[in-house]
J.: 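The structure follows.
First listed ligand is number 1; within each ligand, the first listed atom is number 1. Numbers here simply count residues along the sequence, with the first being 1.
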Amino acid sequence: MQGTMQFDFERLSILLVLALTGYLSPSCASETNDHSGITISYLDPVTAGVRTNFTCSSTCIPQCTYVWVLKDRTVEGSMLFWIPDGLESSVDLQCTAVNTESGQSETSTVTVEVENPFSVQLGSGYFFPTVNQPFTLICGGANREHEVAWYKDGQALTPDSRTELLAGNATLRFSSLLPSDGGFYRCTASRLNENVAFSLGYLLNFEPWAVSISGPDTVQPDSQTTFICLVNCTIRVDCLISWQFKGGFPSGSLSIRGRIFKWTPFTPRMFQNLTCVVESVEENETAERSAEGFKTVEVLDMPVYPTAPVSGSDVVKLSTMLVMVCCLGLQFLFDS
Ligand SMILES: *[C@@H]1O[C@H](CO)[C@@H](O)[C@H](O)[C@H]1NC(C)=O
Ligand SMILES: *[C@@H]1O[C@H](CO)[C@@H](O)[C@H](O)[C@H]1NC(C)=O
Ligand SMILES: *[C@@H]1O[C@H](CO)[C@@H](O)[C@H](O)[C@H]1NC(C)=O
Ligand SMILES: *[C@@H]1O[C@H](CO)[C@@H](O)[C@H](O)[C@H]1NC(C)=O
Ligand SMILES: *[C@@H]1O[C@H](CO)[C@@H](O)[C@H](O)[C@H]1NC(C)=O
């Protein structure tokens with residue numbers, strides 16, 4: 001039941017975010033720094049392996065020259081062409097406009113998010129690596145037209161007697177895993193006349209997962225607290241997260257979105273148990289790997305406000321307010 005709830009909230013919030021940020025269709029992003037009057041514009045989304053044109057503009061009389069700074073490199077001119085290699089999910093891009101006559105300069109910085117269409121995924125039927133067992137990794141997002149190569153810990157991987165490249169190199173198959181196969185795997189994909197992009201990576205590891213829950217041990221009633229499930233497995237590739245509430249479902253309003261649990265308790269002076277359960281992607285009793293993080297949170301007493309005699313009409317107002325608080329509480333389910 002928890003799983004379904006989590007899925008729905010997540011999907012709703014993702015759709016909401018997509019709709020609000022315009023990610024559903026490509027759009028033109030431009031950001032203006034209010035103080036500098038510099039505008040940096042580019043076509044959104046920026047994608048790994050795909051060239052993006054960035055334009056910097058400002059109003060200088062008679063004219064401006066422009067200097068960009070991207071990853072410690074400096075480029076002159078109002079336009080910057082950049083092909084992200086997929087190794088970063090976001091970068092800071094800085095443009096400085098210099099007035100050619102007065103020499104005055106102004107600088108603006110934007111954070112550019114990079115989408116990566118490629119990721120290392122587990123072959124079907126594989127849930128986690130086991131020593132002496134076969135294992136398969138797939139370069140997800142690559143198709144037959146892509147040229148695929150594999151990297152382990154940043155080094156190009158050369159197949160040996162225990163590894164095999166299949167499906168035009170998009171599949172990396174280990175006949176029998178050894179502890180030395182542990183490491184961080186990425187693939188690269190490129191099409192004819194296209195640029196090489198590194199995929200999102202996968203940590204192949206035989207160690208047990210570690211799970212913990214971040215957040216305070218004591219919380220105030222009627223105020224929102226955020227708890228985060230910290231794990232060292234790759235979510236959605238080799239593990240899934242769910243929250244359990246042993247000994248009772250939390251009172252108040254809550255929102256669960258993957259790793260993040262936001263809670264506004266209503267009932268003071270109580271203890272609430274939080275459990276974050278991490279399991280292998282597929283539900284298969286014979287091939288299950290799981291770990292749990294646990295935390296007990298104490299809800300403190302109501303904060304003391306200056307008291308005043310409560311008249312009959314105030315009591316009515318108070319209960320209306322509580323209803324409103326409840327409605328607001330429900331809304332929290334759908335915010336970020
Ligand atoms: C980027 O600029 C180059 C050179 O000005 C142009 O040929 C290309 O079509 C531009 N690309 C996009 C996506 O605007
Ligand atoms: C697969 O990778 C090998 C090197 O590991 C390379 O020689 C070969 O050309 C690649 N094949 C394809 C179809 O990309
Ligand atoms: C997770 O972290 C724990 C504790 O730091 C470590 O012992 C374990 O090897 C890690 N597991 C993975 C899969 O990285
Ligand atoms: C929370 O968990 C602890 C340890 O498992 C248990 O002793 C306690 O009764 C639980 N508290 C509640 C409120 O469920
Ligand atoms: C569960 O996993 C094991 C080992 O990977 C496999 O042999 C078995 O067929 C799987 N069972 C189901 C029901 O998927």
J.: When you measure from atom 13 (C) of ligand 4 to every protein heavy atom, which one gives the shortest distance, and what is it?
T.: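 In this structure, atom 13 (C) of ligand 4 has Phe271 O, 3.5 Å as its nearest protein heavy atom.
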J.: Of all the non-hydrogen atoms in the protein, which one sits nearest to atom 4 (C) of ligand 2, and at what distance?
T.: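 Looking at atom 4 (C) of ligand 2, the protein heavy atom closest to it is Asn169 ND2, 4.6 Å.
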J.: Is there a polar contact between ligand 4 and Asn273, counting only N or O atoms under 3.5 Å apart?
T.: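 N/O-N/O distance under 3.5 Å: yes.
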J.: Could you list the atoms of ligand 2 found under 4.0 angstrom from a heavy atom of Leu165?
T.: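 Those atoms are 5 (O).
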J.: Using a strict 4.0 Å cut-off to heavy atoms of Gly247, name the atoms of ligand 4 that fall inside it.
T.: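 Listed by number with element, the hits are 14 (O).
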J.: Among all protein non-hydrogen atoms, which one is nearest to atom 5 (O) of ligand 4, and what is the separation to 0.1 Å?
T.: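 The protein heavy atom lying closest is Phe294 CZ, 4.2 Å.
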J.: Counting only heavy atoms closer than 4.0 Å, does ligand 4 sit against the backbone of Lys246, its side chain, both, or neither?
T.: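 The part of Lys246 near ligand 4 is the backbone, not the side chain.
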J.: Around atom 11 (N) of ligand 1, find the nearest protein heavy atom and jot down its residue, atom name and distance.
T.: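 Protein heavy atom with the smallest distance to atom 11 (N) of ligand 1: Asn53 ND2, 2.8 Å.
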J.: Under 4.0 Å from atom 2 (O) of ligand 1, is there at least one protein heavy atom?
T.: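 Flag for atom 2 (O) of ligand 1 set to true, protein heavy atom closer than 4.0 Å.
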J.: Step through it carefully: locate the ring centre of Phe174, locate the ring centre of Tyr126, and say whether they are under 6.0 Å apart.
T.: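 Not under 6.0 Å, so no.
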J.: Under 4.0 Å from atom 8 (C) of ligand 2, do we find at least one protein heavy atom?
T.: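 Yes; the ligand atom in question has protein heavy-atom contact below 4.0 Å.
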J.: Taking only non-hydrogen atoms of Met79, do any sit less than 4.0 angstrom from ligand 1?
T.: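 No, that is not the case, since the closest heavy atom of the residue is not under 4.0 Å from the ligand.
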